[in-house]
Amino acid sequence: MTTSTKQPDSIVTAGNAGTEVNAREPLAELYRDLRTSSYGLAGREAARRTVVYGHNELVRRTGRRWPGELLSQFTQPLAILLAVAAGLAWAGGTPALAIAVVAVILLNAGFAFVQEMQAEHAVDALTAFLPATAWVVRDGERAEIPARDLVPGDVLIVVEGGRVSADARIIDGAVTVDLSALTGESVPAERSAEPTVVTGSLLDAHDLVFSGTTCTGGEATTVVTRTGMHTELGRIAALSQRGAAQPSPLETQVRRATWIIAVVAVTVGVAFLPVGVWAGLGWSAAISFSIGLIVANVPEGLLPIITLALAVGVRELARKGAVVKRLSAVETLGSTTVICTDKTGTLTENRMTVTRMWLPGTELDATGKVDDPRAAVLAAAAAACTSAHPPTDVEPAGSGDPTELALLRLAAHQDVAVQPALRDANRLAIFHFDAHLKRMTSIDDTAAGMAVHTKGAPETVLPCCPGLDEPTRRDLQQTIDRYAAGGLRVLAVAHRVLAAGETAPVRRDDAETGLTLLGLVAMVDPARAGVAEAVASAHRAGIRIHVITGDYGPTAAAIAHQAGIGRNGGLIVTGEELDALSDADLDRLVAGDDEIVFARASPEAKLRICEALRAGGNIVAMTGDGVNDAPALRHADIGVAMGRSGTDVAREAATMVLTDDNFATIVTAVDAGRRVFANVRKFVLYIFAHAVPEVVPFLIFALSGGAIPLPLTVLQILAIDLGTETLPALALGREPAEPGLMDRPPRPRRTGVIDRKLLLRAWLLLGGVSAALVMGGYLYTLARAGWHPGDPTGPGTALHHAYLQATTITFAGIVACQIGTAFAARTDRASLFTVGLFSNRLLLWGILFELVFTAAVIYTPWLQDIFGTAALSVSQLAIIAPFPFVVWAVDEAARWAARHRRVVVRQTSPAIQLEKAA
């Protein structure tokens with residue numbers, strides 16, 4: 001789509017335009033260095049520059065390539081150990097066992113890989129930041145082109161409501177731009193062609209606009225100076241991609257635990273290899289025996305079940321508005337000790353709202369309809385002096401400056417709503433907001449005649465209003481100071497009705513004189529609904545919250561106070577004060593219990609804060625939506641980006657993306673993370689408990705010198721670990737949280753999924769009881785058939801069928817004990833009756849599946865041949881029927897005793913005694 005513009009005498013066809021130019025040099029020199037002019041580039045020249053400088057897009061660091069990611073699944077400790085076992089089985093002449101073990105490796109690796117890829121792909125759909133198209137002058141005509149085709153030297157037209165597609169210098173016109181994506185500042189900034197002296201960051205330059213920001217008002221013609229990774233957006237994007245991602249606590253703990261398991265399994269297998277030979281086995285049989293020990297010690301289902309549990313957490317969070325890019329991040333959220341949050345759009349709605357109105361002699365609440373007729377006059381005048389458009393069905397959020405949108409809503413509340421089409425049609429002249437004058441004026445045709453409407457900063461509007469007496473001025477100044485101290489933004493509104501026959505002023509100075517002050521409006525970007533409750537929940541969970549923002553300190557502190565942040569009175573640290581702190585001083589500052597508002601914080605400052613917190617042993621969740629947040633998002637333990645208002649740089653750097661931009665979702669994610677960690681411990685307990693009844697039969701066989709035949713085969717172990725064990729373990733991963741989970745302090749960073757308490761409960765209590773029951777059933781079955789130690793039980797012997805039934809009793813007995821262990825593992829402290837025997841329906845379905853699977857292995861003839869089982873009689877099934885109840889009852893009694901001890905200790909503690917005495 002093109003529209004004709006003035007054709008220049010000649011189209012610029014520059015030779016070698018450079019991107020390393022001084023964007024603030026005199027315009028003539030800038031045109032010279034960029035080899036362009038106000039008439040833009042020729043199409044062929046633009047195409048040539050695209051070849052030289054590349055497309056106008058952010059270059060992301062190379063993501064994970066799927067072959068390498070898939071290969072990494074085979075380098076896990078348990079995968080390596082199983083591969084060694086498969087090699088030994090093949091060398092030992094048991095290819096069927098080797099194939100079975102390799103199948104286990106492939107299953108684990110493929111499952112983990114698919115889950116990781118699905119989690120990453122869920123986020124890819126969210127990445128859309130730079131505008132798809134841009135308006136430029138090409139070949140002397142105004143044309144709409146893909147934004148990625150912009151090159152240095154292009155003449156770019158910035159219009160209200162659109163995003164700026166590249167860094168550019170304004171050559172004509174004036175705009176207001178939302179720089180919050182780069183600076184965190186929620187108040188739009190004014191930019192025009194008039195240059196000013198800038199001593200700080202180029203972001204403060206009055207004549208420059210930057211890629212990724214949004215034009216909220218006005219229109220300007222600009223010349224592109226930098227594109228792609230050379231822009232300010234690209235600079236921060238590059239900063240955010242430095243450093244490698246750190247493994248989560250769960251990843252570290254699981255890797256450590258699997259190495260321990262691998263070492264133990266290999267040690268036990270190698271140690272009993274000579275024992276098997278001494279027991280009269282040949283080397284081939286002894287190797288198979290050692291492989292059996294290794295396979296019995298390795299929880300084959302551990303890694304895929306952990307992956308599935310985390311994937312379930314990812315899916316649940318996605319339904320609640322949080323997309324997690326890395327599975328293990330779900331667990332990391334549960335161990336979060338500090339949340340560092342931005343203010344604009346995170347704690348707040350990023351929606352300015354008028355809350356107070358000052359009228360001569362009175363002050364009113366502006367959140368609803370006001371009876372004073374002067375309020376309607378004030379609201380109508382303020383709304384007339386706007387260019388924003390309120391929300392519609394096509395554009396639900398509206399368009400334009402957030403402050404002007406707030407004024408339009410105020411007018412609607414006072415029943416003087418302004419229709420944009422009618423407003424624009426009745427407008428005779430407009431003097432756009434000027435950064436130096438800090439006011440805007442419109443001349444409109446109203447029912448009372450032509451009128452001048454002015455709004456702006458009080459200090460610039462009040463001098464235009466003669467006739468204010470001294471008491472009124474004092475009252476105004478006190479009110480303005482009070483509003484500012486409360487973090488409110490204050491605007492003064494004034495008007496002047498032109499006399500009949502008077503012509504509309506042409507000059508701004510003539511229009512903005514002799515005005516009558518109508519009053520003041522004070523507005524605030526309010527806290528999001530539910531944020532205060534989420535903050536309170538985080539505090540109960542022992543989590544501190546710091547606010548890190550580029551906004552004004554008192555404004556941010558006011559919002560933080562409304563949300564409940566700053567339990568000990570709060571502390572405001574400005575960017576200048578932070579820069580003056582040494583690293584040691586910053587470490588001491590954040591080590592305290594205060595919740596701090598860091599105002600005017602730069603991206604580098606956010607990094608320093610994050611690193612100081614992590615150096616103190618904290619697990620940090622950093623929230624944000626702007627490009628300026630990206631470096632800290634990447635370096636935090638958990639980077640949380642906004643999905644709706646956030647930039648693609650922030651989403652790329654973050655670990656989790658909030659699709660609803662709701663701070664409360666973070667606390668929901670923390671709750672989910674704690675529950676996931678607790679549930680991981682539950683199914684780890686469940687899986688580890690079965691290692692004992694699987695290993696003990698091999699030990700008894702070895703220690704008896706072969707006098708007691710092997711009670712369990714390797715394939716039966718695989719049938720347990722991969723067949724009957726998996727679904728109940730997955731169901732435990734869906735177990736609801738125990739009461740009070742969010743009332744506990746965060747666990748220390750070094751707290752492992754597997755600790756001494758879990759191992760004692762798994763191996764000594766649940767595993768020990770299960771092993772005793774299983775071996776009792778095995779020996780009873782053999783003895784009842786007339787067996788004595790040392791009697792032959794191999795194929796062709798009289799006791800062979802009884803031996804097959806005895807090993808089947810062992811196999812079925814372990815499955816029965818699994819059922820009892822599954823119910824016992826559902827709670828860590830509380831009684832099972834407090835959560836309900838049948839409240840986890842998935843577990844019931846999992847148990848039904850393992851019963852059906854076990855029955856198939858026992859009673860299906862071709863499966864009997866594979867797994868070495870035999871059909872059991874009703875009386876033999878009656879032997880193992882009580883096993884689940886015995887296992888569960890013993891664990892329930894142990895938990896009751898532990899609860900009783902805690903109650904006694906608490907009642908006898910000095911603090912409780914003093915409380916009772918008081």
Side-chain angles (χ1 to χ4, degrees), residues 299 301 305 309 678-696 720-721 723-739 754 757-778 780 809-855 876-902:
I305 290 174
N679 288 347
V680 167
R681 283 179 57 87
K682 289 174 184 178
F683 63 67
V684 167
L685 170 73
Y686 170 77
I687 291 172
F688 275 32
H690 307 142
V692 177
E694 290 175 356
V695 170
V696 165
I720 294 169
D721 289 351
T724 65
E725 183 177 82
T726 303
L727 289 185
L730 290 176
L732 289 173
R734 302 292 294 273
E735 189 70 31
E738 289 189 49
I754 303 169
K757 177 185 174 183
L758 182 144
L759 292 178
L760 288 175
R761 186 181 175 195
W763 288 343
L764 188 62
L765 184 63
L766 294 169
V769 172
S770 298
L773 292 173
V774 167
M775 289 308 303
Y778 171 75
Y780 173 76
I809 285 284
T810 305
F811 166 72
I814 292 176
V815 173
C817 290
Q818 277 183 327
I819 297 174
T821 300
F823 278 100
R826 289 185 60 195
T827 57
D828 181 49
R829 302 178 182 179
S831 169
L832 178 61
F833 296 105
T834 62
V835 298
L837 289 173
F838 308 112
S839 57
N840 190 337
R841 294 187 178 182
L842 289 176
L843 180 61
L844 300 179
W845 284 108
I847 289 173
L848 177 62
F849 169 80
E850 69 176 328
L851 290 175
V852 172
F853 179 84
T854 302
Q876 289 172 326
L877 292 175
I879 295 174
I880 60 177
F883 286 6
F885 303 99
V886 175
V887 172
W888 166 76
V890 171
D891 187 76
E892 184 77 19
R895 278 181 283 118
W896 176 87
R899 291 195 303 272
H900 182 70
R901 283 195 302 272
R902 281 194 292 269

**Student:** What I'd like to find out is whether the side chain of P728 reaches to under 4.5 Å of the side chain of E850, using heavy atoms alone.
**Tutor:**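 Yes, close enough: below the 4.5 Å cut-off.
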**Student:** Kindly compute the distance separating CD1 (I847) from CG (L842), expressed to the nearest 0.5 Å.
**Tutor:**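 Those atoms lie 11.5 Å apart.
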**Student:** Minimum heavy-atom separation for A825 to L732, with atom names?
**Tutor:**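 Taking A825 first and L732 second, the nearest heavy atoms are CB-CD1, 4.2 Å.
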**Student:** Carefully, step by step, assess W845 and L727 under the rule side chain to side chain contact (heavy atoms under 4.5 Å, CB included).
**Tutor:** CA-CA 8 Å; W845 284 108; L727 289 185; over 6 Å; no
**Student:** Who are the salt bridge (charged side-chain N to carboxylate O under 4.0 Å, His left out) partners of R734, not counting sequence neighbours?
**Tutor:**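 Only E316 meet the salt bridge (charged side-chain N to carboxylate O under 4.0 Å, His left out) criterion with R734.
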**Student:** If I take atom CG from residue L837 and atom CH2 from residue W888, how far apart are they, to the nearest 0.5 angstrom?
**Tutor:**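 L837 CG to W888 CH2: 6.5 Å, rounded to 0.5 Å.
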**Student:** When F811 is tested against each of V774, I880, T854 for side-chain contact (heavy atoms from CB on, under 4.5 Å), which residue passes?
**Tutor:**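 Checked V774, I880, T854 against F811; only one passes side-chain contact (heavy atoms from CB on, under 4.5 Å): T854.
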**Student:** Please report the closest heavy-atom contact between V692 and G767, naming both atoms and the distance.
**Tutor:**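 The answer is CG1-O, 3.5 Å.
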**Student:** Can you tell me if R829 uses its side chain to pair, donor with acceptor, with the backbone of R899 under 3.5 Å?
**Tutor:**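 No.
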**Student:** For A731 and N840, which heavy atoms make the closest approach, and how far apart are they?
**Tutor:**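 Nearest pair, atom of A731 first, then N840: O-ND2, 3.2 Å.
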**Student:** Give the minimum heavy-atom separation between A816 and P884, together with the two atoms involved.
**Tutor:**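 Reported closest heavy-atom pair: O-CG, 3.2 Å.
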**Student:** Minimum heavy-atom separation for L773 to F883, with atom names?
**Tutor:**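 L773 and F883 have their closest heavy atoms at O-CZ, 3.3 Å.
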**Student:** Which heavy-atom pair separates A824 from L766 by the least distance, and what is that distance?
**Tutor:**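 In terms of heavy atoms, the two residues are closest at CB-CD2, 4.2 Å.
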**Student:** Which donor-acceptor pairs under 3.5 Å do the side chains of residues 682-689 make with protein atoms, sequence neighbours left out?
**Tutor:**
| unit_1 | atom_1 | unit_2 | atom_2 | d |
| --- | --- | --- | --- | --- |
| K682 | NZ | N679 | OD1 | 3.4 |
| K682 | NZ | R826 | O | 3.0 |

**Student:** Show the numbers, then the answer: is there a side chain to side chain contact (heavy atoms under 4.5 Å, CB included) between E725 and I814?
**Tutor:** CA-CA 10 Å; E725 183 177 82; I814 292 176; over 6 Å; no
**Student:** Check side chain to side chain donor-acceptor pair (under 3.5 Å) between T827 and all other residues, then give those that pass, not counting sequence neighbours.
**Tutor:**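 If we apply the side chain to side chain donor-acceptor pair (under 3.5 Å) test to T827, skipping adjacent residues, the hits are R895.
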**Student:** Would you sort out whether E892 and F833 count as a side chain to side chain contact (heavy atoms under 4.5 Å, CB included), showing the intermediate values?
**Tutor:** CA-CA 10 Å; E892 184 77 19; F833 296 105; 4.3 Å; yes
**Student:** Examine distances only and state if a side-chain atom of D891 and a backbone atom of L765 form a donor-acceptor pair shorter than 3.5 Å.
**Tutor:**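 Answer holds: no.
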